[in-house]
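Here the structure comes first, spelled out in structure tokens, and everything after it is commentary.
Here the structure is a predicted model, which means the values were calculated and not measured.
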Amino acid sequence: MIWWDPELRDRMATFPSARGDLSDPAVLAVLRDPGPEPAPEPDVTWTHTTVPNTAGDHDVPVRVYRPAQPHPNRPGYVLLHGGGLSFGSLNTEHRRCVALCRDTGAVGVAVDFRMAPDHPPAVIFDDAYSVLRHVTEHPGAYDVDPRRIAVTGSSGGGMLTLALAQLARDRGDTAPALQLALYPNTDDRVLPAHASRREGLPVIPEEAIAQVMVNLGPPAPYIVPNRTEDLTGLCPAAILVGQNDPLRDEAVDYAWRLLRSGVPTELHVLPGLPHGFDVFFPDVGATRHADDLAARAFRRFVSEA
């Protein structure tokens, strides 16, 4: 029997079991619809702009979040939205962007990267990395301190977050201060230790996980973080995942690998929570607790670094 956080118990009893075939272009089109523009917030502002990709043949749309009170040399973060790298939009994690900006005083840059299966992993990866590098190389345009920039994301965006930390280490031209991942995909394999993928947990059933992995095609370099053998020398990490998330065990496995590799790592397994809890249930105490844990990790590794 699955134990749920008391605030979620009744809602999870009626939660939809699936969103449709995530390899179907019609289903993806619906799930990519950003909906209306978010309502203004009293203490956080945001603007839209673009960042050139590495090849200079595509302008990556971004949304830049700033505390209402201007100040130079703030800490910053680059955020990569969830959706298995196949769906979602800048609005998917708008609430979390506002919360992180408000709770830490950081400037945030959310990335509207191109997605699978329309584009291969190398293109998705380059869109994300181009933004991280641009923020690092042009700190004055964002009012950030280039030494205090985190990369963060949830689910598929969490997978991209962990992958970017690996690429940044290997290329040496950017140095994120923190990789902050919420319930990330870390593996395209169902390893024996990944029991949570076989427990029939809700929100993203095994079939849905398999579909978004098929959208990505064969494993490309970096894109699947747990396939990288050497994790030494990576920037500090903070990983949050719900107890009732099918991705729980692979997230925990990756966190333990980071710890064994000498990477400063926080791991929080949140009892009674499903995948995407903060998106589906933004109003519950558990989401506020997760926001606080994320903000504390950000302040520890980024703001106060």
Validation: residues 73-83 side-chain donor-acceptor distances under 3.5 Å, sequence neighbours left out:
unit_1 : atom_1 : unit_2 : atom_2 : d
R74    : NH1    : G105   : O      : 2.8
R74    : NH2    : Q69    : O      : 2.5
Y77    : OH     : C97    : O      : 2.7

- Query: Do L8 and F15 come close enough that some side-chain heavy atom pair is under 4.5 Å?
  - Reply: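 No, too far: nothing below the 4.5 Å cut-off.
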
- Query: Can you tell if the side chain of H289 reaches within under 4.5 Å of the side chain of L273, non-hydrogen atoms only?
  - Reply: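 Sidechains of L273 and H289: no contact.
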
Taking the basic N atoms (NZ, or NE/NH1/NH2) and the acidic carboxylate oxygens, is any pair closer than 4.0 Å for [X] and [Y]?
{"X": "D253", "Y": "R189", "result": "no"}
{"X": "D292", "Y": "R288", "result": "no"}
{"X": "D249", "Y": "R198", "result": "no"}
{"X": "E304", "Y": "R299", "result": "no"}
{"X": "D145", "Y": "R147", "result": "yes"}

- Under 6.0 Å from the six-membered ring centre of Y129 and within 45° of its axis: does the NZ or CZ of R171 meet both?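 Yes, a cation-pi geometry.
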
Please list every donor-acceptor pair under 3.5 Å in which a side-chain atom of residues 31-41 meets a protein atom from a residue at least two apart or in another chain.
unit_1 : atom_1 : unit_2 : atom_2 : d
R32    : NE     : S86    : O      : 2.8
R32    : NH1    : D118   : OD1    : 3.1
R32    : NH2    : S86    : O      : 2.9
R32    : NH2    : A116   : O      : 2.8
R32    : NH2    : D118   : OD1    : 2.8
D33    : OD1    : G35    : N      : 3.0
E37    : OE2    : H48    : NE2    : 3.3
E41    : OE1    : R102   : NH2    : 3.0

Without placing hydrogens or testing angles, list every side-chain donor-acceptor pair under 3.5 Å for residues 136-143, not counting sequence neighbours.
unit_1 : atom_1 : unit_2 : atom_2 : d
T136   : OG1    : L132   : O      : 2.9
H138   : ND1    : H134   : O      : 3.2
Y142   : OH     : H134   : ND1    : 2.9

- Item | Polar side-chain atom of R257 near backbone of E229 as donor-acceptor pair, under 3.5 Å |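 Checked: pair present.
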
- Query: Relative to the ring of Y222, is the ring of F125 parallel (under 30°), tilted (30 to 60°) or perpendicular (over 60°)?
  - Reply: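 Tilted: the ring planes of F125 and Y222 meet at 30° to 60°.
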
